A.B. asks: 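Encoded as structure tokens, here's the structure I'll be asking about.
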2 protein chains.
Amino acid sequence: MADSFGPPIGLVLSQTAKTVSRVFDDALAAVGGSVPIWLVLLTLKSRRPANQRELARAVGIQGATLTHHLNAMEADGLITRRRDPANRRIHQVTLTERGEELFLKLAAAAQSHDQRLRQGLAPEEIATLHRLLNRLQDNVTAEPPDTGRPDGSLQCPPENE
Amino acid sequence: MADSFGPPIGLVLSQTAKTVSRVFDDALAAVGGSVPIWLVLLTLKSRRPANQRELARAVGIQGATLTHHLNAMEADGLITRRRDPANRRIHQVTLTERGEELFLKLAAAAQSHDQRLRQGLAPEEIATLHRLLNRLQDNVTAEPPDTGRPDGSLQCPPENE
DNA sequence: TATTGTTATACTCTATAACTATA
DNA sequence: TATAGTTATAGAGTATAACAATA
């Protein structure tokens, strides 16, 4: 593993993300939210997706998984789903007053979390970090080397037991 | 959120980690493993922890969670648990032949994954990435700012080295 | 009583497959 | 038949609380 130069970056990356995510989870939970809720609200506010599939894709989850979250959010009075009169298959997702309020709280928590993360880092360092992280993502999404799957479409017969 | 300078790094970090982790998961699954299994095997091989608590802490999970994984791994014939004659409370975890074999396969997959990740990145850039990621982790583990958790518990668990 | 680990239970996030309803 | 979304089900990973065994 430490073959080329140093510990596996994948390991460092996932451990860092795990630690940081837990703190973020706690911060969002402290004001009554969660990461999926935050991402859904953020996407609704910032991107105004035309339908749920688009929303799911933007959040990075499957449609059924999104439904799962939307059910909970609707039960909590954060959103409403109305059918589009023009195309009644489409459910238009809208934030309620409570949803807007929670969005603000979560946004504040997210921003505070981000400020904390940025402590002691110069803007150029942040930019470098972005660039390097994007590079990792590109490395892994483009051209599968051998064993992996590119976008999850192919199912390599696993040698699971 | 894009208040200070650019998109939240926490978001970029978690999205990158998610994408990269999924590819890594697939790579490990393709040879019959998983991330927790890999971390357990790797820790056993590299650190020879004295007991399960130490192992759990090194992997970054709770003791009960570790038991969960060890049960599955023992059922799969990857490890054995024997009581330490000197202190019969302690279960000594040892890799079986199959465990050693799987370790090698997972190590190869992990290394291949890591090489893929490093593509197009100079050693200095990798080093910079490590430094920046560690900084993020430190920022988040040291001195909690204010937003506590609802149950009032303290948040400084991992200490993942 | 303290320590080590297990069992029982449950939660969150995720996914796939089958289904309903529209078009 | 194709598209949008839901329901049903499942599985992985994690956690807490209560417990047993040992010291």
Side-chain angles (χ1 to χ4, degrees), chain A residues 14 17-19 21-22 24-26 28-29 32-40 49-57 59-76 79-93 149 151-153 155 158 160, chain B residues 14-15 17-19 21-22 24-26 28-29 32-40 49-57 59-76 79-93 149-153 155 157-158:
Chain A
S14 69
K18 190 174 179 180
T19 304
S21 286
R22 280 186 185 174
F24 190 43
D25 291 349
D26 288 345
L28 294 185
S34 71
V35 170
I37 290 177
W38 165 237
L39 291 178
V40 167
N51 56 37
Q52 290 189 193
R53 306 194 88 179
E54 216 178 294
L55 177 55
R57 212 173 116 261
V59 172
I61 56 180
Q62 295 303 115
T65 306
L66 177 63
T67 296
H68 176 73
H69 293 301
L70 291 183
N71 286 346
M73 291 174 72
E74 193 171 32
D76 263 17
I79 56 143
T80 57
R81 279 182 283 196
R82 255 168 299 153
R83 303 186 95 108
D84 183 343
N87 182 347
R88 292 184 40 76
R89 287 176 301 186
I90 291 180
H91 285 200
Q92 292 174 325
V93 181
R149 3 186 203 151
D151 59 324
S153 52
Q155 183 69 271
N160 291 334
Chain B
S14 70
Q15 282 177 344
K18 191 175 178 179
T19 304
S21 286
R22 279 186 185 174
F24 189 43
D25 291 350
D26 288 346
L28 294 185
S34 70
V35 171
I37 289 176
W38 165 237
L39 292 178
V40 167
N51 56 39
Q52 289 189 195
R53 307 194 86 178
E54 216 178 293
L55 176 55
R57 209 171 121 262
V59 173
I61 57 180
Q62 295 304 115
T65 306
L66 177 63
T67 296
H68 177 72
H69 293 301
L70 291 183
N71 286 345
M73 291 174 72
E74 193 171 32
D76 264 17
I79 55 143
T80 57
R81 279 182 282 195
R82 254 169 298 152
R83 305 185 95 108
D84 183 344
N87 180 347
R88 292 184 39 78
R89 288 176 302 188
I90 291 180
H91 285 200
Q92 291 174 326
V93 182
R149 316 213 270 183
D151 62 345
S153 61
Q155 44 174 217

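Per chain, numbering begins at 1; letters A, B, ... match sequence-line order. Nothing here was measured: the structure is a model prediction, and the numbers come from that model.
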A.B. asks: Can you tell me if B:Lys18 touches the phosphate of C:dC13, counting only side-chain N or O atoms and a distance under 4.0 Å to OP1 or OP2?
C.D. replies: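 No, no such contact exists.
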
A.B. asks: Which whole-number value in Å describes the distance from A:Leu55 CG to D:dA4 P?
C.D. replies: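 Roughly 14 Å, once rounded to whole Å.
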
A.B. asks: Given atom CG of A:Asp25 and atom C1' of C:dC11, what is their separation to the nearest angstrom?
C.D. replies: 13 Å

A.B. asks: Would you mind telling me which of D:dT16, D:dA8, D:dT14 lies closest to the side-chain atoms of A:Ala64?
C.D. replies: D:dA8

A.B. asks: In whole Å, I'd like the distance from the CZ atom of B:Arg82 to the C1' atom of C:dT4.
C.D. replies: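 Taking CZ of B:Arg82 and C1' of C:dT4, I get 18 Å after rounding.
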
A.B. asks: Heavy atoms from C-beta onward define the side chain here; which of C:dT14, C:dT4, D:dA15 lies closest to that of A:His69?
C.D. replies: C:dT14

A.B. asks: In whole angstrom, what separates B:Leu66's CG from D:dA12's P?
C.D. replies: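 Spelled out: CG on B:Leu66 to P on D:dA12 is 17 Å.
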
A.B. asks: With nearest nucleotide decided by heavy atoms, which residue, A:Thr67 or B:Ser34, maps closer to the 5′ end of DNA chain D?
C.D. replies: A:Thr67

A.B. asks: Report yes if a side-chain nitrogen or oxygen of A:His91 is closer than 4.0 Å to either non-bridging phosphate oxygen (OP1 or OP2) of D:dT6; otherwise report no.
C.D. replies: yes

A.B. asks: So which nucleotide from D:dA23, C:dT22, C:dT4 ends up closest to the side chain of A:Arg89?
C.D. replies: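 Per side-chain heavy atoms of A:Arg89, the pick is C:dT22.
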
A.B. asks: Below the 4.0 Å mark, does C:dA23 have OP1 or OP2 next to a side-chain nitrogen or oxygen of A:Arg83?
C.D. replies: no

A.B. asks: Examine the base of C:dT22 for any acceptor or donor lying under 3.5 Å from a partner atom in the side chain of A:Arg88, and report the outcome as yes or no.
C.D. replies: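 Side chain to base: no pair present.
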
A.B. asks: Starting at CZ of A:Arg81 and ending at C1' of D:dA4, how long is that distance when rounded to a whole Å?
C.D. replies: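 So the CZ-C1' distance, A:Arg81 to D:dA4, works out to 12 Å.
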
A.B. asks: Does OP1 or OP2 of C:dT7 have a side-chain N or O of B:Asn71 closer than 4.0 Å?
C.D. replies: yes

A.B. asks: Figure out the CG/C1' separation between A:Asn87 and D:dG5, and round it to whole Å.
C.D. replies: 11 Å

A.B. asks: With a 4.0 Å limit, can you tell me whether B:Thr65 has a side-chain N or O closer than that to the phosphate oxygens OP1/OP2 of D:dA15?
C.D. replies: yes

A.B. asks: Report the distance from atom CG of B:Asn51 to atom C1' of D:dA23, rounded to the nearest whole Å.
C.D. replies: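 Whole-Å distance recorded here is 14 Å.
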
A.B. asks: From CD of B:Gln52 over to C1' of C:dT7, roughly how many Å is that when rounded to an integer?
C.D. replies: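 From B:Gln52 CD to C:dT7 C1': 13 Å.
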
A.B. asks: Using the side-chain heavy atoms of A:Pro36, tell me which of these nucleotides is nearest: C:dC13, D:dA8, C:dT4.
C.D. replies: C:dC13

A.B. asks: Quick one: is B:Gln62 getting a side-chain N or O under 4.0 Å of the D:dG13 phosphate, OP1 or OP2?
C.D. replies: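 The answer is no; no side-chain N or O of B:Gln62 sits under 4.0 Å from OP1 or OP2.
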
A.B. asks: Kindly say if A:Arg53 contacts the phosphate of D:dG5, meaning a side-chain N or O under 4.0 Å from OP1 or OP2.
C.D. replies: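 No, no such contact exists.
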
